[in-house]
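Here is the structure we will look at.
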Amino acid sequence: MLSNRRIQELELVMEFEKVEECFKEVSSWIENVGKKGLKEMINLDDSLEMLLQTQKQFREFDLVASEYCKRGQEALKKMDRWEDFSSVDVQAYKAKLQTYTEQLEDFCTQLDENRHRVCETVRLYEFFDKVREGVCCRDEEAAL
């Protein structure tokens, strides 16, 4: 049984090394591109026109970022069996896996929050523009 367990651990380590390339690529993209893209979306512009332009840019960024999140999550699913193993040899790989998991979850959460914030801000600005148009029209009618 110990021999079978050890063989399973070695197979898991070999599988991790194959999947680790994907983790590294996703991690590198998050650090070098993704986080910068999210930071650019922090300050939303004051006009509806500029905000709509920002929303368009964010949608393009979101498509790419969502694909990286999806790839990272698929790679993590392949490593679901790690929790069953507790040998010392596997601990280093579990630590790496935990680091990748936390980084991916943090980025995906920030992406979702920014997506929601941009969408809600656009809706709010559109609402205020409609209210402003209604008030202006009422003022013009009252003046006549």
Fill in: Check against side chain to side chain contact (heavy atoms under 4.5 Å, CB included), Gln57 and Glu40
CA-CA 10 Å; Gln57 292 170 346; Glu40 291 173 4; over 6 Å; no
Practice prompt. With salt bridge (charged side-chain N to carboxylate O under 4.0 Å, His left out) as the test, would you mind laying out the steps for Lys78 and Glu15 before giving the verdict?
Written response: CA-CA 8 Å; Lys78 293 178 183 179; Glu15 186 177 344; over 6 Å; no
Discussion item. The test is side chain to side chain contact (heavy atoms under 4.5 Å, CB included); show your working for Leu52 and Glu126 and say whether it passes.
Written reply: CA-CA 10 Å; Leu52 290 171; Glu126 288 172 339; 4.1 Å; yes
Worksheet entry | side chain to side chain contact (heavy atoms under 4.5 Å, CB included) assessment of Met50 paired with Gln53 | CA-CA 5 Å; Met50 293 300 291; Gln53 184 177 352; 3.8 Å; yes
Fill in: Audit row: Gln98, Glu102, side-chain hydrogen bond (donor to acceptor under 3.5 Å, both in side chains) steps and yes/no
CA-CA 6 Å; Gln98 183 63 34; Glu102 289 170 2; 2.8 Å; yes
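The shortest distance between side-chain heavy atoms of Leu76 and Leu97 falls below 4.5 Å. Contact check for Trp29 versus Val64: side-chain heavy atoms found under the 4.5 Å cut-off. Side chains of Glu74 and Cys22 form no contact here, defined as non-hydrogen atoms less than 4.5 Å apart. Counting heavy atoms from C-beta outward, Leu12 and Phe16 have side chains that stay 4.5 Å or more apart.
Listed for the Arg117 side chain is a donor-acceptor partner under 3.5 Å among the backbone atoms of Met41. Panel note: side chain Asp62, backbone Phe58; no donor-acceptor pair is recorded below 3.5 Å. Between the Thr109 side chain and the Glu105 main chain, a donor and an acceptor come within less than 3.5 Å of each other.
In this structure, Tyr125 has no ring pair (Phe, Tyr, Trp, His ring centres under 6.0 Å) partners at least two apart in sequence or on a different chain. Listed by chain and number, the residues in a side chain to side chain contact (heavy atoms under 4.5 Å, CB included) with Asp129 are Leu48, Arg132 (sequence neighbours excluded).
Between Phe107 and Phe61, the ring planes lie perpendicular to each other; the angle is over 60°, past the 30° to 60° tilted range. Ring-plane geometry between Phe23 and Tyr100 is classed as parallel, the angle between the planes falling under 30 degrees on a 0 to 90 degree scale with a further cut at 60.
Looking at Tyr93 and Glu17, their side chains do bring a donor and an acceptor atom within 3.5 Å of each other. Between the side chains of Asn114 and Gln110, no donor-acceptor pair is found at a separation under 3.5 Å.
The pair Lys36-Glu31 fails the salt-bridge criterion, with no side-chain N (NZ, NE, NH1 or NH2) lying under 4.0 Å from an Asp/Glu carboxylate O. Remark: Arg123 engages Glu120 in a salt bridge, criterion side-chain N to carboxylate O under 4.0 Å.
Note on Val131: it clusters hydrophobically with Leu124, by side-chain heavy-atom contacts below 4.5 Å among ILVMFWY residues.
Distance CE/Met14 to CG/Leu10: 8.0 Å, rounded to 0.5 Å. Rounded to the nearest 0.5 angstrom, Ser3 OG and Ile7 CD1 are separated by 4.0 Å. Interatomic distance, Lys96 NZ to Ser27 OG, rounded to the nearest 0.5 Å: 11.5 Å. A distance of 4.5 Å separates CD1 in Ile30 from CD in Gln103, rounded to the nearest 0.5 Å.
Crowding of Glu60 atom CD: a count of heavy atoms from other residues, nucleotides or ligands under 6.0 Å exceeding 12.
Closest approach of Cys69 to Leu104, counting heavy atoms only: CA-CD1, 3.9 Å. Closest of all the heavy-atom pairs between Val19 and Met79 is CG2-CE, 4.1 Å.
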